[in-house]
**Q** 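Before I ask anything, let me first share the structure, which is written out below as structure tokens.
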Amino acid sequence: MTSKKDSGNHGHTRPRLVRLLFAGILTFLLIALIVILLVWAILRPSKPKFILQDATVYAFNVSYPSFITSNFQVTVSSRNPDDRVGIYYDRLDIYATYRDQQITLRTSIPSSYQGHEETNVWSPFIYGNSVPVSPYNSAALSQDQGAGVVMLMIKIDGRVRFKVGTFMSAKYNLHVRCPAYIQFGSRTSGIMVGDNVVKYQLATRCHVSI
């Protein structure tokens, strides 16, 4: 009789221990999540600051009927203004657009880590060979070139993570937009660095969204 009662008590004790263990794990995870959210809210990482420093134009022309060929080298710097949060750039793709139409291929920038208050500088080439564009944009570009000023948009899309101590955030989408005013036909606005190759100092602040 005693052995049967003991067996019955063990049968009731085991599910209770499992429930207590499960409740303990949930409580621990909840406390850990609250601590992480509090730390994140207190530190609140700042967005990196991007600057388009210069653009070297190797080729840029419109061909009949509506094609653009371009070849640029741009220098872009990124500064992490935060003294407590690091930034992982897991993926960065840079390209150029004209009137919201992409005119170059995407060029990948190597992934990197940016420490507290550090600055990274990249100088990628972006190019497009006989890229088709709308007839309206082709005509507008020809007019802009004739006027001597073309406004391009250098765009960077990517994925970033933030590091606070040992805590690593989830991945966030990064979008950078840098206006580039290229003054064609003006020797005073650029520096000749080769045959038909002109380097333009821009120092343009970029708009960053995450």
Side-chain angles (χ1 to χ4, degrees), residues 47-79 87 89-112 114 119-160 172-210:
K47 293 186 296 186
K49 299 182 182 298
F50 279 74
I51 294 178
L52 177 61
Q53 296 183 351
D54 58 58
T56 302
V57 180
Y58 291 85
F60 192 76
N61 58 75
V62 182
S63 58
Y64 182 83
S66 300
F67 296 96
I68 295 178
T69 295
S70 57
N71 188 352
F72 305 94
Q73 183 179 21
V74 296
T75 301
V76 180
S77 66
S78 168
R79 182 177 182 274
I87 304 174
Y89 295 97
D90 291 327
R91 179 181 62 81
L92 293 175
D93 293 326
I94 186 169
Y95 57 100
T97 65
Y98 175 76
R99 293 178 178 262
D100 295 325
Q101 185 169 5
Q102 185 172 334
I103 60 171
T104 70
L105 301 174
R106 290 172 177 257
T107 297
S108 295
I109 297 175
S111 58
S112 61
Q114 191 172 59
T119 299
N120 291 4
V121 179
W122 302 287
S123 295
F125 282 89
I126 51 177
Y127 58 91
N129 203 6
S130 296
V131 177
V133 294
S134 67
Y136 173 81
N137 281 346
S138 178
L141 182 55
S142 296
Q143 292 176 359
D144 289 347
Q145 283 185 296
V149 179
V150 175
M151 203 286 277
L152 303 178
M153 188 68 71
I154 306 301
K155 297 185 177 183
I156 301 175
D157 296 330
R159 300 272 281 176
V160 297
Y172 291 87
N173 291 321
L174 172 73
H175 301 288
V176 182
R177 303 295 181 259
C178 308
Y181 293 89
I182 308 298
Q183 299 182 26
F184 289 94
S186 175
R187 294 296 183 90
T188 60
S189 64
I191 303 171
M192 298 295 296
V193 293
D195 293 338
N196 297 320
V197 179
V198 184
K199 184 174 185 177
Y200 298 91
Q201 298 293 337
L202 300 174
T204 304
R205 291 185 178 275
C206 307
H207 178 266
V208 180
S209 61
I210 295 180

**Q** If we only count heavy atoms from C-beta on, is the Thr56 to Ser123 side-chain gap below 4.5 Å?
**A**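 A side-chain contact is absent here, since even the closest heavy-atom pair is not under 4.5 Å.
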**Q** Which distance, rounded to the nearest 0.5 Å, do you find between the OG1 of Thr104 and the CG of Asn71?
**A**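 It is 10.0 Å, given to the nearest 0.5 Å.
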**Q** Please check this pair: side chain of Gln102 against backbone of Tyr95, looking for a donor-acceptor N/O pair closer than 3.5 Å.
**A** no
**Q** Please round to the nearest 0.5 Å and tell me the distance separating atom CD1 of Ile210 and atom CD1 of Ile87.
**A** 6.5 Å
**Q** Go through the structure and list residues passing side chain to side chain contact (heavy atoms under 4.5 Å, CB included) with Thr107, not counting sequence neighbours.
**A**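 Residues passing side chain to side chain contact (heavy atoms under 4.5 Å, CB included) with Thr107: Ile94, Pro124, Ile126.
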**Q** Measure the spacing between OH of Tyr200 and CZ of Phe72 and express it to the nearest 0.5 Å.
**A**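 Going from OH on Tyr200 over to CZ on Phe72, the span is 9.5 Å.
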**Q** Show me the pairs that pass salt bridge (charged side-chain N to carboxylate O under 4.0 Å, His left out) and involve residues 62-79, at least two apart or across chains.
**A**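 For residues 62-79, and leaving out neighbouring residues, there are no salt bridge (charged side-chain N to carboxylate O under 4.0 Å, His left out) pairs at all.
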**Q** I'd like to know if the side chain of Thr204 reaches the main chain of Cys178, judged simply by a donor and an acceptor atom lying under 3.5 Å from each other, with no hydrogens or angles considered.
**A**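 Between the backbone of Cys178 and the side chain of Thr204 there is no qualifying donor-acceptor contact (under 3.5 Å).
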**Q** Who are the side chain to side chain donor-acceptor pair (under 3.5 Å) partners of Thr119, not counting sequence neighbours?
**A** none
**Q** My understanding is that only residues two or more places apart in sequence, or in another chain, count here; which of them pass salt bridge (charged side-chain N to carboxylate O under 4.0 Å, His left out) with Asp157?
**A** Arg106, Arg177
**Q** Which residues satisfy the side chain to side chain donor-acceptor pair (under 3.5 Å) test with Asn173, sequence neighbours excluded?
**A** Arg159
**Q** Would you say that more than 12 heavy atoms from the other residues, nucleotides or ligands in this model lie under 6.0 Å from the CZ of Phe125, or not?
**A**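 More than 12 within 6.0 Å, yes.
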**Q** Quick one: salt bridge (charged side-chain N to carboxylate O under 4.0 Å, His left out) partners of Arg91, sequence neighbours excluded?
**A**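 Salt bridge (charged side-chain N to carboxylate O under 4.0 Å, His left out) list for Arg91, sorted by chain: Asp93.
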**Q** Please report the shortest heavy-atom distance between Phe67 and Ser130, naming the atom on each side.
**A** CD2-O, 3.4 Å
**Q** Looking at Ala180 and Ile154, what are the two nearest heavy atoms and their distance?
**A**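 Answer, listing the atom of Ala180 first, then Ile154: CB-CG1, 4.1 Å.
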**Q** Got a list of side-chain donor-acceptor pairs under 3.5 Å for residues 144-152, not counting sequence neighbours?
**A**
residue	atom	partner	partner atom	Å
Asp144	OD2	Tyr98	OH	2.5
Gln145	NE2	Phe60	O	3.4

**Q** Quick check for you: to the nearest 0.5 Å, what is the distance between Leu174 atom CG and Ser78 atom OG?
**A** 8.0 Å
**Q** With Gln53, which residues qualify under side chain to side chain donor-acceptor pair (under 3.5 Å), at least two apart?
**A**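 Scan of Gln53 (side chain to side chain donor-acceptor pair (under 3.5 Å), adjacent residues dropped) gives Ser77.
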**Q** Going by side chain to side chain contact (heavy atoms under 4.5 Å, CB included), name the residues that satisfy it together with Ser111, two or more places apart in sequence or in a different chain.
**A**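 Checked Ser111 against side chain to side chain contact (heavy atoms under 4.5 Å, CB included); zero matches.
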**Q** Search all heavy atoms of Asn137 against all heavy atoms of Gln101 and return the closest pair with its distance.
**A** ND2-OE1, 2.8 Å
**Q** So, taking the atom named OG1 in Thr75 and the one named CD in Gln201, what distance separates them when rounded to the nearest 0.5 Å?
**A**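 Thr75 OG1 to Gln201 CD: 8.5 Å, rounded to 0.5 Å.
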**Q** Do Tyr127 and Asn129 make a side-chain contact, defined as non-hydrogen atoms from C-beta onward lying under 4.5 Å apart?
**A** no
**Q** With sequence neighbours excluded, what pairs up with Val131 under the side chain to side chain contact (heavy atoms under 4.5 Å, CB included) test?
**A**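 Not a single residue meets the side chain to side chain contact (heavy atoms under 4.5 Å, CB included) criterion with Val131.
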**Q** When rounded to the nearest 0.5 angstrom, what distance separates CG in Asp54 from CG in Leu202?
**A**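 Between atom CG of Asp54 and atom CG of Leu202 there are 6.5 Å.
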**Q** Passes side-chain hydrogen bond (donor to acceptor under 3.5 Å, both in side chains), Gln114 versus Tyr89? Steps please.
**A** CA-CA 8 Å; Gln114 191 172 59; Tyr89 295 97; 2.8 Å; yes
**Q** So, using salt bridge (charged side-chain N to carboxylate O under 4.0 Å, His left out) as the criterion, who are the partners of Arg205 when residues are at least two apart?
**A**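 Listed in chain order: nothing, the list is empty.
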**Q** Is Tyr58 atom OH crowded by more than 12 heavy atoms from other residues, nucleotides or ligands, each under 6.0 Å away?
**A**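 Yes - once you tally the heavy atoms of other residues, nucleotides and ligands closer than 6.0 Å, there are more than 12.
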**Q** Looking at residues at least two apart in the chain, or sitting in another chain, which of them share a side chain to side chain donor-acceptor pair (under 3.5 Å) with Ser66?
**A** none
**Q** Between Ser70 and Ile103, what is the shortest heavy-atom contact and its length?
**A**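 Nearest pair, atom of Ser70 first, then Ile103: OG-O, 3.8 Å.
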